[in-house]
Amino acid sequence: MKDSLKIINLSKIYHDKNGETLAINNLNFNVKEKEIVAIVGPSGCGKSTLLGILAGLLPKSSGEILFNGRKKIGLMLQTDSLYPWLTILDNALIGLELSHEKNKKNIEKVLNLLKKYGLDEFAYKYPDSLSGGMRQRVALIRTLAMNPDILLLDEPYSALDYQTRLALSNDLYKIIKEEGKTAIMITHDIAEAISISNRVIVLTKRPSTIKNIYEIKLDNKSIPTENRKDSKFNYYYDLIWRDIDVNL
Ligand code: ADP
Ligand code: MG
């Protein structure tokens, strides 16, 4: 597979009243087209900083980010940030509205996405009538509505309970595969990382740099909940757990 994106010698220094903080130090990795890459690392190591830079929301200090062609980026955050005064449909349409692309065709597309992912009967209801898991699904549809090539997910499920996270992990996996997206997902949950991704990148504590990269080769690669039962699952879990533990 071709590379979708290359990160070369990326560094980030924050400057504030306390001086300088080196958050990311000389990071190098690539992401292939249609690959799911999970990034794990200790709290505060620079994961959100990395996604912010990739999304174009934060300036880098040095290094390069090379996209293969013009890539549209979709970012999904930990909190669903749905507006309580807008219907589910209008919440899902916000991005399109802001980019002046809210037309009949796109509204139809979003309605179809809502239907496909079991939310059509809530289209004209408000977020408070939805469970946390459903709200996060709306947030994902809002991101997909913009038709991004690369999805950036910053701990998208960490605010949800375990059962919901498992279900959404399967949903997310299917959606990424069906829609043919490339995805970079940050998570602090090692099992979630292994179960959903093709590769897991382990970062060191701050300033983050690469500790290890694992290609996840399971006997029967399937949906995340099935992957968790794979005979090789614990092998990867132990390796990554040790990487992170040594870091702390
Ligand atoms: P993570 O997402 O891995 O928990 P972050 O990327 O949010 O970590 O933060 C990495 C480091 O950079 C932290 O030590 C944090 O305190 C620091 N940092 C984040 N944002 C800023 C900022 N705006 N100014 C100064 N330091 C920051
Ligand atoms: Mg973070």
Side-chain angles (χ1 to χ4, degrees), residues 5-31 36-65 73-82 132-133 135-136 139-140 142-143 148 150-162 164-165 168-169 172 176 182-197 199-214 224 236-237 239-248:
L5 121 102
K6 271 188 185 163
I7 291 150
I8 304 164
N9 294 333
L10 182 73
S11 294
K12 171 69 182 175
I13 302 167
Y14 285 110
H15 302 270
D16 62 16
K17 58 181 192 317
N18 304 316
E20 292 189 342
T21 306
L22 180 60
I24 296 177
N25 187 21
N26 248 328
L27 204 58
N28 287 283
F29 66 92
N30 56 356
V31 179
I36 304 178
V37 169
I39 298 179
V40 298
S43 175
C45 77
K47 302 181 295 297
S48 295
T49 300
L50 172 63
L51 277 209
I53 294 171
L54 295 180
L57 299 173
L58 265 178
K60 58 183 161 57
S61 301
S62 61
E64 272 187 283
I65 297 162
I73 307 286
L75 178 65
M76 186 171 152
L77 302 174
Q78 188 172 348
T79 54
D80 57 57
S81 59
L82 299 182
R135 293 168 59 106
Q136 215 40 353
L140 178 61
R142 177 175 58 192
T143 308
I150 302 178
L151 279 173
L152 304 178
L153 305 140
D154 194 351
E155 307 208 30
Y157 303 139
S158 58
L160 303 170
D161 62 88
Y162 185 66
T164 307
R165 258 164 43 209
L168 280 179
S169 205
L172 179 66
I176 292 171
T182 302
I184 302 176
M185 179 182 185
I186 285 174
T187 171
H188 61 257
D189 182 333
I190 298 172
E192 187 170 78
I194 300 164
S195 66
I196 202 166
S197 72
R199 279 188 301 154
V200 177
I201 297 180
V202 185
L203 299 178
T204 62
K205 65 177 193 284
R206 200 191 75 209
S208 65
T209 192
I210 292 189
K211 171 87 184 172
N212 258 317
I213 300 183
Y214 296 97
Y236 290 112
Y237 191 96
L239 284 175
I240 296 169
W241 191 81
R242 248 179 281 163
D243 278 348
I244 293 181
D245 196 41
V246 168
N247 271 314
L248 292 175

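Since the structure is predicted, the reported quantities are computational estimates derived from the model, not experimental observations. When a ligand or atom number is given, it counts from 1 through the structure's own listing order.
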- Message: Please report whether atom 15 (C) of ligand 1 has a protein non-hydrogen atom at a separation of less than 4.0 Å.
- Response: no
- Below 4.5 Å, heavy atoms only, C-beta onward: do Gln136 and Pro156 meet side chain to side chain? yes
- Query: If you measure only the distance, is there a donor-acceptor pair under 3.5 Å linking the side chains of Tyr214 and Asp243?
  - Reply: yes
- For atom 12 (O) of ligand 1, what's the nearest protein heavy atom and its distance? Tyr14 CE1, 3.4 Å
- Item | Per-atom contacts, ligand 1 versus Thr49 - under 4.0 Å to a heavy atom | 5 (P), 6 (O), 9 (O), 10 (C)
- Close-contact set for ligand 1 against Ser48 heavy atoms, below 4.0 Å: 1 (P), 2 (O), 6 (O), 7 (O)
- Query: For atom 9 (O) of ligand 1, is some protein heavy-atom partner under 4.0 Å away?
  - Reply: yes
- Heavy-atom check, side chain of Asn30 versus side chain of Arg199, under 4.5 Å: yes
- Query: Under the criterion side-chain contact (heavy atoms from CB on, under 4.5 Å), which of Val31, Thr182, Ile73 is the partner of Leu5?
  - Reply: Val31
- Message: Has Asn28 got a side-chain atom pairing as donor or acceptor with Asn9's backbone, closer than 3.5 angstrom?
- Response: yes
- Geometric N/O contact Ser43 with ligand 1, under 3.5 angstrom: no
- Please confirm whether Gly46 comes within less than 3.5 Å of ligand 1 when only nitrogen or oxygen atoms on both sides are compared. yes
- Item | Test item: His188 and Ser158 side chains (from C-beta on) under 4.5 Å apart, heavy atoms | yes
- If only atom types and distance count, is the side chain of Thr204 paired as donor or acceptor with the main-chain N or O of Lys211 below 3.5 Å? no
- Query: Do any N/O/S atoms of Thr49 come under 2.8 Å of the Mg ion (ligand 2)?
  - Reply: no
- Query: Any idea which atoms of ligand 1 are less than 4.0 Å away from a heavy-atom of Gly44?
  - Reply: 1 (P), 3 (O), 4 (O), 8 (O), 10 (C), 11 (C), 13 (C), 14 (O)
- Numbered atoms of ligand 1 (with element) below 4.0 Å of Asp16, judged on heavy atoms: 24 (N), 25 (C)
